[in-house]
Amino acid sequence: MFDRTIIDMDKFIDLPMSSKALYFLLGMEADDEGFVSPKKILRVHGGSDDDIKILIAKALVIPFESGVVVITDWYDNNWLDARRTKPTQHQKEKKALYLTRNKKYVLSNSEASIEEKRIEENNRKVYEIPEPTPEEQEQTIKRIKEIKKNLFNN
């Protein structure tokens with residue numbers, strides 16, 4: 001399933017149809033924790049690197065140097081029985097993320113800058129983090145731009 005609150009957002013509605021299709025395909029092919037290789041999906045189903053770049057720019061997915069992405073709103077789109085889920089193979093990438101109280105993946109800038117309170121919820125680590133400061137937002141934007149540059153050789 002895909003949460004209507006996500007696909008009804010202006011940032012999703014404004015996407016080109018090919019980027020919307022890619023988002024749905026990524027959701028269908030992702031592992032139990034929302035990680036997926038967009039290159040594989042593009043090879044199998046078609047599309048272009050521009051579509052994934054748009055999803056990154058709209059913060060619908062978070063890219064990693066390894067080439068995989070994680071779907072930011074994975075837990076809004078999916079409810080999986082904790083007894084049947086398999087941990088992702090992308091543990092290194094997962095360690096670079098926080099799962100907010102609202103169950104959204106957030107790329108961590110640095111552990112020292114985030115006050116965290118661990119909560120166990122359905123066997124997932126969930127962190128309460130404050131709203132990012134403008135400086136932290138800028139750092140995250142720079143980090144994602146650098147990852148995009150390395151991935152797409154732009």
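The structure displayed is predicted, hence computed values, not measured ones. We use all heavy atoms of the structure for the numbers below, so side chains are in, but hydrogens, waters and symmetry mates are not.
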[atom2] on [Y] to [atom1] on [X], rounded to 0.5 Å:
X      : Y     : atom1 : atom2 : result
His90  : Lys95 : NE2   : NZ    : 14.0 Å
Gln89  : Ser66 : CD    : OG    : 11.5 Å
Lys103 : Asn78 : NZ    : CG    : 12.0 Å

Taking the side chain as everything from C-beta on, heavy atoms only, tell me whether [X] gets closer than 4.5 Å to [Y].
X     : Y     : answer
Gln91 : Lys94 : yes
Ile62 : Thr72 : yes
Pro87 : Glu33 : yes
Asp31 : Trp74 : no
Leu60 : Ile71 : no
Phe35 : Glu93 : yes

Between [X] and [Y] (salt bridge meaning N to carboxylate O under 4.0 Å), is one present in this structure?
X      : Y     : answer
Lys86  : Asp32 : no
Lys104 : Asp76 : yes
Lys39  : Asp49 : yes

Is the CD atom of Glu65 crowded by more than 12 outside heavy atoms at less than 6.0 Å? yes
When you look at NZ of Lys142, are more than 12 heavy atoms from neighbouring residues, nucleotides or ligands closer to it than 6.0 Å? no
Determine whether Thr5 and Asp3 satisfy the following criterion, side-chain hydrogen bond (donor to acceptor under 3.5 Å, both in side chains), listing intermediate values before the conclusion. CA-CA 5 Å; Thr5 60; Asp3 191 328; 2.8 Å; yes
Show every donor-acceptor pair shorter than 3.5 Å between a side-chain atom in residues 14-24 and any protein atom, with sequence neighbours excluded, or say none if there are none.
unit_1	atom_1	unit_2	atom_2	d
Ser18	OG	Asp51	OD1	2.6
Ser18	OG	Asp51	OD2	3.4
Ser19	OG	Asp51	OD1	3.1
Lys20	NZ	Ile13	O	3.2
Tyr23	OH	Asn77	ND2	3.0

What pair of heavy atoms forms the shortest contact from Leu99 to Tyr75, and how long is it? CD1-CD1, 3.7 Å
When Ile144, Ile52, Leu55 are each screened for side-chain contact (heavy atoms from CB on, under 4.5 Å) with Pro63, the one that passes is Ile144
Among Val69, Ile56, Leu25, the one residue meeting side-chain contact (heavy atoms from CB on, under 4.5 Å) with Pro38: Val69
Evaluate side-chain contact (heavy atoms from CB on, under 4.5 Å) for Phe64 paired with Leu107, printing each intermediate quantity in order. CA-CA 10 Å; Phe64 295 95; Leu107 189 61; 4.1 Å; yes
